[in-house]
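Heads up: the structure comes next, in structure tokens.
Atom set for the values below is all heavy atoms of this structure, side chains included, hydrogens, waters and symmetry mates excluded. On a predicted model such as this, the values are computed, not experimentally measured, just so you know. To find a chain, count down the sequence lines: A is the first, B the second, and so on, and within it residues start at 1.
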Amino acid sequence: MTRGCGAASLRPPGRFPHFIRVDARLSRMAEELGSTEREIIAQRARKAEALQALGVNPFGNGQAPRHVTAELHARYGEAPADEIARDPGDWSVAGRVLAVRSFGKAAFLRVRDGSGEIQVWVKKDKVGERGFEIFKLLDVGDVVLAEGPATRTKTGELTVEARAFTILTKALRPLPEKWHGLADVEQRYRQRYVDLIVTPGVRETFRRRAKIVSGIRRFLDERGYLEVETPTLHKPEEAGGAAARPFQTHHNALDLDLKLRIATELHLKRLVVGGFDRVYEIGRIFRNEGIDRRHNPEFTSIEFYQAYATQQDLMALTEQLLHRLAVEVTGSARVTFQGQEIDFTPPYPRHSMLELGARALGLSPDDALAGRGLAEAVARAAARENESEGAWKLEQAAQRSPGEAIAIAFEVFAEGELPKDRPAFVVDFPLETSPLSRRRDADPRLVDRFELFAAGMELANAFSELNDPADQRARFEAQVKARAQGDEEAMPYDEDFVRALEHGMPPTAGEGIGIDRLAMLLTDSPSIRDVILFPLLKSRE
RNA sequence: GGGCGCAUAGCUCAACUGGCAGAGCAAUGGACUCUUAAUCCAUAGGUUGAAGGUUCGAUUCCUUCUGCGCUCACCA
């Protein structure tokens, strides 16, 4: 591969279109700094001026390398020095200098570009007087361009022996210490650009995240899905599709209060009504909730909908998708997450929320769903779980409905018992927990819904979609009632969505997957902030 | 929002029971044309997160505030 835009050789000394006054820009900033930092920046700014005096624009443009470092490694591999010497080539690479080992009239630089790293050997007798004067103004962190033949040094390292050398960009700030790097996680998140440069593994984490997203696209595209984009700004009555509190915003020209979407669901199902039988959207969702290791206020979801499919079809599809992603992204179906191996090889076990929740309450599924003996069961659980907040949650849920009590009982007492060495489907959700899912024909107290759990996290949520407009009206009405009773996460009544259903939505199943959490699993990252480039943090001062 | 913890040079970390704030890397000056955290000599660099308080004396003890981490609650 050859890159570049024609400026293949190093630019000769000359005039620049506009002269950069580095010193003036820095004086104001420097006053606020500690004296060591001020001294370092001032020193580097002086070097930038010295480069200009040599005819090198320290912030120039228009010079591109002809190669990337990976090409050198691909070309020579482990070839010995004498073999490389027979065909050393004429290489041209550029990148950031990570380390300098200097010997007066020669030096070794560690240079990194987007493809990898290479050593560059700068020798006074090879790069010439001017090249060496430029080198003397080099600091770790600068971006450089080097051209010359390949060689292998006495210590066995593949190296570009520079015949030409220049600095393309001067770094005014020093990089963190080379051995320990950046240990302060706050600084790593706030200054991700530094984190990416110096913290091992961070670049790979975000490459893997990109692979996950492109892998999902490819998987769905292959199966005839159409990728769409629906509004992020929702009118208040549209802001449903999930149980969450939204962010508020406002459109000035229309004088319209808006909310940031909490899900893509309702618009995607409108598109299924419109005839796009298989649609998906990968996009940012916003939920005005707390922040912790598994939650960021904005996160990325993939939701997909398939007409003429059922939740059973989606379980199979989910198994295929996750297995493929694990293999594509990590190289194996067996993924290690925080010391626990998780095997993504299908099939994944199914666990019944109804059975596990009812059993935790000491009731039969039928009695639990009917609410028979529920109050006593909840009281027993509360006594058993003396002082536990789970017991309190259970009591609250039991006051709302038996179905919600079963869901909470599952969550509090049974969720931790799901297998840890592979993903698991949870099925048999009570009706009350799912205002948008289709009732089960064989048992209308339940819905055809599943969630996928792995590593203690909810990864996916899917169901056969409710397409009976009358039933949907009733569910929305229940939500409105719940909201009136103080449930801030209950959905608004989306009249237009019901109208769409009245035009007839084919039998459909749909699913949502949290991409950030999937990225955590497949990159072995303990915090969601480690897979979001710029996680939300409070402002300083 | 509750609980626990952390904050010292640009970076990584020391500083005993309250007694002169130190080191390594980075920087600056010097030596060095096969290094891998290069090496060697020398120099400089601090409002100890902020504001109060106790004390003869506070990086150290107390209070409040700010930011971050863990955790609980909420949620995906």
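For B:C70, the paired nucleotide is B:G3, the pair qualifying as Watson-Crick or G-U wobble because both relevant distances are below 3.5 Å. For B:A50, the paired nucleotide is B:U64, the pair qualifying as Watson-Crick or G-U wobble because both relevant distances are below 3.5 Å. With a 3.5 Å ceiling on both atom-pair distances, B:G57 lacks any Watson-Crick or G-U wobble partner. As the counterpart of B:G18, no nucleotide is assigned, since no Watson-Crick or G-U wobble pattern has both distances under 3.5 Å. Partner assigned to B:U43 is B:A27, using Watson-Crick or G-U wobble distances below 3.5 angstrom.
Close to B:G69, at under 4.0 Å from its OP1 or OP2, lies no side-chain N or O of A:Lys538. Proximity of A:Gln43 to the phosphate of B:A27: no side-chain N or O atom is located under 4.0 Å from OP1 or OP2. For B:G69, the OP1/OP2 oxygens have a side-chain nitrogen or oxygen of A:Arg529 closer than 4.0 Å. Under 4.0 angstrom from either OP1 or OP2 of B:G10 there lies no side-chain N or O belonging to A:Arg38.
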For this session: For nucleotides 32-39 of chain B, just jot down a letter per nucleotide in 5' to 3' order: B, S or -, based on protein non-hydrogen atoms under 4.0 Å.
Result: BBBBBBB-
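In this structure, A:Leu459 reaches neither bases nor backbone, as no heavy-atom distance under 4.0 Å exists between it and the strands shown. At the heavy-atom level, A:Ala244 lies nowhere under 4.0 Å from the strands shown. Across all strands, A:Tyr189 comes closer than 4.0 Å only to sugar-phosphate atoms, never to a base (heavy-atom distances). Note on A:Lys47: only backbone sugar-phosphate atoms sit closer than 4.0 angstrom, heavy atoms only; bases stay farther off. Residue A:Asn288 is out of contact with every strand shown, counting any heavy-atom pair closer than 4.0 Å. A:Arg245 comes within 4.0 angstrom of nothing in the nucleic acid, heavy atoms only. Residue A:Ala460 is out of contact with every strand shown, counting any heavy-atom pair closer than 4.0 Å.
Residues A:His267 and A:Arg261 are not in side-chain contact: their nearest non-hydrogen atoms beyond the backbone lie 4.5 Å or more apart. Side-chain contact between A:Leu436 and A:Met491: present, with at least one pair of heavy atoms (C-beta onward) separated by less than 4.5 Å. Counting only heavy atoms from C-beta outward, the side chains of A:Arg449 and A:Thr433 approach each other to under 4.5 Å.
Contact check on A:Lys123 versus A:Glu161 returns a salt bridge, with a Lys/Arg side-chain nitrogen under 4.0 Å from an Asp/Glu carboxylate oxygen. Ionic pairing of A:Arg422 and A:Glu319 is not present here: no N-O contact between side-chain nitrogen and carboxylate oxygen is shorter than 4.0 angstrom. For the pair A:Glu117 and A:Arg112, the salt-bridge criterion is met [side-chain N within less than 4.0 Å of a carboxylate O].
Comparing the same atom, P, in B:A50 and in B:C11 gives a spacing of 14 Å after rounding to whole Å. If you take atom C1' in B:U43 and the same atom in B:U47, they sit 24 Å apart, rounded to whole Å. Rounded to the nearest Å, the gap between the P atom of B:G18 and that of B:U60 is 11 Å. Across B:G69 and B:G30, the matching C1' atoms stand 45 Å from one another, rounded to whole Å. Only the P atoms considered, B:U54 is 42 Å distant from B:A73, to the nearest whole Å. Between B:G49 and B:G10, the distance separating the two P atoms is 12 Å to the nearest Å. Here, B:A15 and B:A7 have their P atoms 11 Å apart, quoted to the whole Å.
Between A:Phe286 atom CZ and B:A76 atom P there is a gap of 17 Å when expressed in whole angstrom units. To the nearest angstrom, C1' of B:A26 lies 15 Å from CD1 of A:Ile197. One atom, CD of A:Gln396, and another, C1' of B:C74, lie 14 Å apart when rounded to the nearest Å. Spacing between atom CZ of A:Arg294 and atom P of B:C72 amounts to 8 Å, rounded to whole angstrom units. In this structure, A:Gln187 atom CD and B:A9 atom C1' are separated by 13 Å, rounded to whole Å. Rounded to whole angstrom, the span from the CD atom of A:Glu488 across to the P atom of B:C74 amounts to 14 Å. As rounded to whole Å, 16 Å separates atom P of B:U66 from atom CG of A:Leu537. Straight-line distance from the CG atom of A:Leu137 to the P atom of B:A27: 13 Å, rounded to whole Å.
Relative orientation of the A:Tyr76 and A:Trp91 rings is perpendicular, given thresholds of 30° and 60° on the angle between their planes. Ring geometry, A:Tyr348 versus A:Phe344: the interplanar angle exceeds 60°, so the pair is classed perpendicular (tilted spans 30 to 60°).
To the nearest 0.5 Å, the span separating CG on A:Leu452 from CD on A:Glu458 amounts to 9.0 Å. Rounded to the nearest 0.5 Å, atoms CD (A:Glu432) and CZ (A:Arg475) are 9.5 Å apart.
For A:Asp292 against B:C74, a side-chain N or O and a base N or O form a donor-acceptor pair under 3.5 Å.
For A:Glu298, the salt bridge (charged side-chain N to carboxylate O under 4.0 Å, His left out) criterion is met by A:Arg284, not counting sequence neighbours.
Remark: the A:Tyr189 side chain and the A:Gln187 side chain contain no N/O donor-acceptor pair separated by less than 3.5 Å.
A heavy atom lying under 4.0 Å from RNA chain B marks the following residues of residues 508-524 of chain A, by number: A:Arg517.
Of all nucleotides listed (B:G10, B:U28, B:G67), B:G67 comes nearest to the side chain of A:Glu186.
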